[in-house]
Amino acid sequence: MTGLTSRHPLNLYYHGGEYVKICGSQDGYFPDFGHHLAGEMGGVWLHPIKLLDGFWLKVTDLDRGISVWARADAFASEPWGGRFEYDHWLGHIPVSIERSQFAPEREKGFAANYRVHANAGQPVRLRLELLVRTDLRPVWFSEQAGVVDGERDVPVEIADRQVLVKDQDHSWFVRVGTDLPGTAVEADPELYGPEFTAGAGCGISFAAEVELQAGETFDFRLFAAGSYTSQEECDRSYEQISRRHKALLAEKQALYREIAERASLEIEGEPGLNEAFAWAKWNNQWLVQTVDGLGRGLTAGGPTYPWWFGCDSTYALQGVLAIGDPGLARDTLDLLLKKSEETNGNGRVVHEITTLGAVANPGNTQETAHYIAFVWELFQWTGDEALLRRHYDYCLKGIEWLLGEMDPDGDLFPSGYGIIEIAGLNMELIDSAVYTAQALRAMAAMSEFLGEHERSAKYGELAERAVEAVNRVFWCEAEGLYADAVAPREMVVAKRETMVSLAEKHGVAGYGEYMDQILRDTAGQEGDVAWLLNKNWVIVTPMEAGIADPDKAAKALETMRSDVFVGEYGTYLSGILQQGTMTISTGVHTVAEAENGHPDEALELLRRMLRTFSAVLPGSFSEMSPDYGCVVQAWTLYALAVPVVRGLFGVRPQAHQRVLRLNPQLPAAWQERECKLSGLNIAGARFDIVFKPESGGKGRMVTVRNDERWRVVLELNRERLESDEPWIEWEVSGE
């Protein structure tokens with residue numbers, strides 16, 4: 001018999017405000033898990049420090065002599081937080097409980113509300129105990145930056161149903177309190193609840209006895225707030241949350257309604273896509289992190305990567321622009337620039353920044369090129385000349401670093417690691433080469449706009465050469481694919497054992513034979529050779545970036561539609577290994593199909609990805625499809641929003657010229673359906689775009705709300721129409 005294995009034994013949740021993040025399991029508990037900080041990635045975090053390992057509720061029926069630590073039967077994910085329902089797991093205690101919790105967007109703490117309902121036809125006497133474990137400690141990689149956790153957490157104040165705890169060696173504070181009646185309060189490092197959590201924390205217990213009549217409901221709350229700088233700040237935050245929690249929740253709910261109204265998608269007959277699109281926008285807000293004195297930006301994923309990355313940002317922020325949050329895109333890019341200047345200074349863009357401000361990796365080759373290309377895209381969506389000038393000087397350094405230090409042979413293919421961080425894959429990689437060509441095009445456009453015509457001409461000529469070189473050198477005609485990498489044969493021979501052992505470690509059979517065969521096939525070849533080492537998903541980037549020759553693009557995309565590359569949930573990370581799928585691999589492939597005029601194929605990939613929606617966390621896509629890794633991942637927004645907004649609706653802004661270009665390409669399944677994209681925010685201007693079939697199915701009505709009177713240019717069915725009216729209606733004939 002064959003057993004079945006779950007790769008995600010803990011169904012986690014992740015939510016919070018811009019300061020505080022809360023992560024536990026959907027049964028209401030807080031198990032130790034995680035690998036960056038072993039066993040410490042969950043709980044309650046006020047980055048760059050952790051506040052709590054968790055909190056639990058013990059319920060004792062004083063008349064029946066039953067006592068249980070409450071475990072939830074159901075979890076409901078809300079955009080603003082979460083709700084837990086307790087019933088069956090309370091045993092024979094005749095009550096039901098609902099717990100709801102949220103972290104205010106701009107306060108350094110959270111509130112949890114408990115509602116206890118007496119179910120039986122008689123009174124019930126209960127003892128309720130809230131148990132909290134603190135764990136004041138710094139984020140991962142802090143020791144390398146010289147910040148070491150104190151030996152223990154010390155309770156320094158116990159009064160008025162509140163306990164203040166301080167890290168022994170740092171000005172890190174957390175204040176925990178409740179409006180549960182009574183005076184029973186205890187604080188002790190040896191005090192634990194139902195889970196024995198690791199760390200040098202302190203247990204806090206609040207207990208009370210209550211009597212409920214049949215059908216009566218009793219509410220009480222838990223409050224917590226912290227600070228990584230002072231007790232005064234901690235106390236101010238606690239006062240705000242405990243006093244204004246209802247108002248703060250209302251403010252947060254209003255924010256999430258406003259997010260829903262921005263770039264609101266309504267495709268007739270596509271309820272799953274519409275719902276997932278709305279949730280992806282909310283998921284994005286969960287991942288925004290502010291750290292005072294450091295900055296604000298979009299983190300990569302929760303709970304495993306709750307800090308900032310170069311490559312994750314330059315993908316995810318394209319989706320952030322598409323959903324109309326240019327401020328977040330600016331803030332994140334400014335943070336990347338600041339840390340790259342501090343750490344490198346030579347144009348190289350950092351890979352990984354912890355919330356302490358420590359740089360764990362100074363940067364892979366691909367992300368410098370991708371950053372440069374994104375600076376120009378951000379300018380097209382915002383028209384922000386000050387931002388463009390702020391980043392332009394570092395882009396100049398970045399392109400020189402790519403084509404200088406990282407390209408000693410001068411072939412316009414920088415070497416080093418790309419987005420696929422596999423040991424040994426530090427060659428001239430396809431994604432680095434493609435994004436360098438794209439970056440050169442961006443540099444030509446930036447320089448031209450800024451009046452540096454000589455530089456613009458130089459970069460334009462280099463871009464043409466780079467595009468031609470990618471199509472000539474990386475193309476593998478026999479396979480109908482672009483190669484993973486270009487390298488001399490002797491380099492691949494030297495890396496064979498490392499790559500084979502890695503494949504064997506992951507249980508992949510036959511990879512050694514595959515490597516031996518491609519080495520035999522290239523015997524005697526001199527100089528650079530194009531290699532399909534893993535058939536990694538990044539071989540689709542020439543099509544995604546729009547630099548592939550049309551005939552090669554058509555052939556490569558046709559090849560990549562096979563089951564070698566595409567599985568049940570989307571595009572494999574590797575066509576050779578076929579062991580994993582991510583929303584980013586599927587997303588880039590989807591963008592490539594849309595960019596090259598294949599809307600039906602793009603929609604098919606989107607639908608495969610939609611199969612993973614809510615697989616672990618209701619309302620979210622996991623990092624690894626369908627159900628493991630981070631329960632929410634930033635670049636999923638790229639995978640959903642960019643193909644839909646930029647690809648299928650054809651939104652191409654030129655904000656600095658107040659021009660909106662629309663080049664829609666609707667899938668066949670949508671031809672007879674109404675397709676709406678409302679509240680699209682581009683540089684502060686709002687657009688509502690509707691495509692609606694005319695009666696009889698012989699044409700299409702296109703309407704655009706254009707309050708700011710931009711010039712809107714529509715290209716559809718070989719017609720080109722222009723208008724700057726505030727309300728535009730066009731009838732476009734069928735093909």
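Looking at every heavy atom in both residues, Val631 comes nearest to Tyr13 through CG2-C, 4.5 Å.
Ring orientation note: the planes of Trp307 and Tyr305 are nearly perpendicular, at an angle over 60° on the 30°/60° scale. Taking the six-membered ring where tryptophan is involved, the planes of Phe220 and Tyr114 are essentially parallel, since the angle between them stays under 30° and well short of 60°. Taking the six-membered ring where tryptophan is involved, the planes of Tyr315 and His370 are perpendicular, since the angle between them exceeds 60° and thus also 30°. Using bins of under 30°, 30° to 60° and over 60° for the plane-to-plane angle, the ring pair Trp279/Trp286 lands in the perpendicular bin.
In this structure, the separation between SG on Cys311 and NE2 on His351 is 5.0 Å, given to the nearest 0.5 Å. Atom CD in Gln253 sits 11.0 Å away from atom CG in Leu248 (nearest 0.5 Å). If you take OH on Tyr371 and OG on Ser340, they are separated by 7.0 Å, rounding to the nearest 0.5 Å. Taking CG of Leu333 as the reference point, atom CG of Leu335 lies at 9.5 Å (rounded to 0.5 Å). In this structure, OG1 in Thr304 is found 6.0 Å from CE in Met41, a value given to the nearest 0.5 Å. The line from CD of Glu623 to OG1 of Thr612 is 12.0 Å long, rounded to the nearest 0.5 Å.
Here the options are Glu342, Lys339, Glu352, the test is side-chain contact (heavy atoms from CB on, under 4.5 Å), and the partner is Val359; only Lys339 passes. A side-chain contact (heavy atoms from CB on, under 4.5 Å) with Gln318 holds for exactly one of Trp381, Tyr638, Trp635; it is Tyr638. Of the residues Thr290, Leu51, Asp292, the one that meets the side-chain contact (heavy atoms from CB on, under 4.5 Å) test with Lys108 is Asp292.
Because its NZ or CZ atom is not both nearer than 6.0 Å to the ring centre of Tyr569 and within 45° of the ring axis, Arg611 does not count as a cation-pi partner of that residue.
For the pair Pro306/His47, a side-chain contact is recorded, criterion being any heavy-atom separation below 4.5 Å from C-beta on. The shortest distance between side-chain heavy atoms of Arg244 and Glu251 falls below 4.5 Å. Gln162 places none of its side-chain heavy atoms less than 4.5 Å from the side chain of Val176. The shortest side-chain heavy-atom distance between His245 and Phe223 falls under the 4.5 Å cut-off.
Formation of a donor-acceptor pair under 3.5 Å by the His15 side chain with backbone atoms of Glu78 is not found in this model. In this structure, the side chain of Gln101 does not engage the main chain of Gly82 through any donor-acceptor pair within 3.5 Å. In this structure, Ser142 contributes its side chain and Pro138 its backbone to no donor-acceptor pair below 3.5 Å. No donor-acceptor distance shorter than 3.5 angstrom exists from the side chain of Ser622 to the backbone of Met624, with no hydrogens or angles considered. With Asp73 contributing its side chain and His88 its backbone, the two residues share a donor-acceptor pair below 3.5 Å. In this structure, Asn364 contributes its side chain and Gln366 its backbone to no donor-acceptor pair below 3.5 Å. Between the side chain of Thr178 and the backbone N or O of Arg221 there is at least one donor-acceptor pair closer than 3.5 Å. Looking at Lys281, its side chain does come within 3.5 Å of a backbone N or O of Ala263 through a donor-acceptor pair. Between the side chain of Thr636 and the backbone N or O of Val632, no donor-acceptor pair lies under 3.5 Å. For Glu195 (side chain) and Phe30 (main-chain N/O), a donor-acceptor pair under 3.5 Å exists by modelled atom type.
The pair Glu107-Lys252 does not meet the salt-bridge criterion, since no charged nitrogen lies less than 4.0 angstrom from a carboxylate oxygen.
Aromatic ring centroids of Tyr29 and Phe55 lie 6.0 Å or more apart.
Around CH2 of Trp89, the count of heavy atoms belonging to other residues, nucleotides or ligands within 6.0 Å does not exceed 12. Within a 6.0 Å radius of CZ in Arg296, other residues, nucleotides and ligands contribute more than 12 heavy atoms. Residue Glu258 qualifies as enclosed at atom CD: its count of foreign heavy atoms under 6.0 Å is above 12.
With no hydrogens or angles considered, a side-chain donor-acceptor pair links His391 and Asp334 at under 3.5 Å. Side-chain contact of Ser96 with His117: a donor-acceptor pair under 3.5 Å is absent, judged by distance alone. A donor-acceptor pair shorter than 3.5 Å can be found between the side chains of Arg99 and Tyr86.
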Give the table of side-chain donor-acceptor pairs shorter than 3.5 Å for residues 128-135, with sequence neighbours excluded, one pair per line with atom names and distance.
| residue | atom | partner | partner atom | Å |
| --- | --- | --- | --- | --- |
| Glu129 | OE2 | Ser205 | OG | 2.8 |
| Arg133 | NH1 | Pro189 | O | 2.8 |
| Arg133 | NH1 | Leu191 | O | 2.8 |
| Arg133 | NH2 | Tyr192 | OH | 3.4 |
| Arg133 | NH2 | Gly201 | O | 3.3 |
| Thr134 | OG1 | Asp153 | OD2 | 2.9 |
| Thr134 | OG1 | Cys202 | N | 3.0 |
| Thr134 | OG1 | Cys202 | O | 3.4 |

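By the side chain to side chain contact (heavy atoms under 4.5 Å, CB included) test, Val185 pairs with Ile158, Arg161, Val163, Phe206, sequence neighbours left out.
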Check step by step if side-chain contact (heavy atoms from CB on, under 4.5 Å) holds for Ile353 and Leu336.
-> CA-CA 8 Å; Ile353 311 165; Leu336 284 176; 4.0 Å; yes
